[in-house]
Colleague: 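Structure in structure tokens, see below.
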Amino acid sequence: GAVVSQHPSRVICKSGTSVKIECRSLDFQATTMFWYRQFPKQSLMLMATSNEGSKATYEQGVEKDKFLINHASLTLSTLTVTSAHPEDSSFYICSARLAEQFFGPGTRLTVL
Amino acid sequence: GQNIDQPTEMTATEGAIVQINCTYQTSGFNGLFWYQQHAGEAPTFLSYNVLDGLEEKGRFSSFLSRSKGYSYLLLKELQMKDSASYLCAVRSLLAGRRALTFGSGTRLQVQP
């Protein structure tokens with residue numbers, strides 16, 4: 001199957017700082033990638049759809065100025081959590097779509 | 001909107017068979033997915049149904065009835081490593097979205 005990587009796998013940061021998470025499709029090109037967030041013992045919630053060469057599409061309730069998405073190439077999308085707060089602590093997972101969606105390994109963000 | 005329901009928790013015995021049900025309501029249905037997710041890890045793809053019927057893949061089978069908005073995942077010859085959350089997800093073509101909407105997941109505990 002297709003491989004999607006994420007970096008970093010784990011990050012701890014201070015409140016008010018910004019954190020960038022990278023999502024790469026390693027063996028295929030992805031014009032569309034998806035960013036999900038998962039809180040403990042809850043399911044995945046779609047945050048935004050990342051489109052190569054155009055603006056991301058955000059889900060209702062997700063602040064586009066806080067969660068900056070850049071899909072600069074066919075193999076890379078980045079999510080930047082700006083001015084992170086403790087309530088942003090979560091498991092962030094990206095996926096890229098062929099016929100089915102393949103997920104990256106996730107990034108656990110802890111904001112102190 | 002979309003609505004996906006699945007049981008919160010299930011318990012089964014090693015070597016047995018377990019069926020995890022999922023009901024959904026959506027417009028523009030374009031496929032139902034099952035994912036397995038171990039704690040702290042990203043989901044891994046198990047199966048995909050877009051037409052009615054049963055799809056079998058080793059110890060795992062998935063069934064879909066579009067008219068009833070119903071699917072199940074069948075796990076045979078349960079092993080301890082099958083203890084995980086199982087996520088039912090639906091893809092809809094509504095408004096051009098290709099992202100998946102996930103159910104809350106079913107936590108399966110396999111006991112000796």
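Nothing here was measured: the structure is a model prediction, and the numbers come from that model. In what follows, chains carry the letters A, B, and so on, assigned in the order in which the sequence lines appear, proteins first and then strands, with residues in each chain numbered from 1.
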Colleague: For A/Phe91 versus B/Glu41, what's the shortest heavy-atom pair and its separation?
Modeller: CE2-O, 3.6 Å
Colleague: So B/Tyr35 and A/Phe103, would you call those rings parallel, tilted or perpendicular, with 30° and 60° as cut-offs?
Modeller: perpendicular
Colleague: Can you tell me which portion of A/Ile93 sits under 4.5 Å from chain B's heavy atoms? Options are side chain, backbone, both or neither.
Modeller: side chain
Colleague: Short question: side chain of A/Ser43, backbone of B/Gly103 - any donor-acceptor pair under 3.5 Å?
Modeller: yes
Colleague: Any side-chain hydrogen bond (donor to acceptor under 3.5 Å, both in side chains) pairs touching residues 12-23 of chain B, not counting sequence neighbours?
Modeller: B/Gln19-B/Asn21, B/Gln19-B/Tyr70, B/Asn21-B/Tyr70
Colleague: With clusters built from Ile, Leu, Val, Met, Phe, Trp and Tyr whose side-chain heavy atoms come within less than 4.5 Å, directly or transitively, what are the remaining members of the cluster of A/Met45, listed by chain and number?
Modeller: none
Colleague: Just verifying a value: how many Å separate B/Ser85 OG and A/Leu44 CG, rounded to the nearest 0.5 Å?
Modeller: 10.5 Å
Colleague: Scan residues 64-76 of chain A for pairs that pass salt bridge (charged side-chain N to carboxylate O under 4.0 Å, His left out), counting only residues two or more places apart or in two chains.
Modeller: A/Lys66-A/Asp88
Colleague: A quick test of your reading: do over 12 heavy atoms of other residues, nucleotides or ligands sit less than 6.0 Å from NE2 of B/His38?
Modeller: yes
Colleague: Of all the residues in residues 104-112 of chain A, which have a heavy atom that comes within less than 4.5 Å of a heavy atom in chain B?
Modeller: A/Gly104, A/Pro105, A/Gly106, A/Arg108
Colleague: Can you hop from B/Leu78 to B/Leu74 via hydrophobic side chains spaced under 4.5 Å?
Modeller: no
Colleague: Restricting to non-hydrogen atoms, name the atom on B/Gln37 and the atom on A/Gln38 that form the minimum distance, rounded to 0.1 Å.
Modeller: NE2-OE1, 2.8 Å
Colleague: Grouping I, L, V, M, F, W and Y whenever their side-chain heavy atoms are under 4.5 Å apart, do B/Tyr72 and B/Leu75 come out in a common cluster?
Modeller: no
Colleague: Do B/Val50 and B/Phe102 share a hydrophobic cluster, counting only Ile, Leu, Val, Met, Phe, Trp and Tyr and linking them when any side-chain heavy atoms are less than 4.5 Å apart?
Modeller: yes
Colleague: Going only through I, L, V, M, F, W and Y residues with side-chain contacts under 4.5 Å, is there a path from B/Met10 to B/Met80?
Modeller: yes
Colleague: Is any side-chain heavy atom of B/Leu100 closer than 4.5 Å to a side-chain heavy atom of A/Tyr36?
Modeller: yes
Colleague: Check the hydrophobic clustering (I, L, V, M, F, W, Y; side-chain heavy atoms under 4.5 Å; chains of links allowed) and say if A/Tyr92 and A/Leu68 are grouped together.
Modeller: no
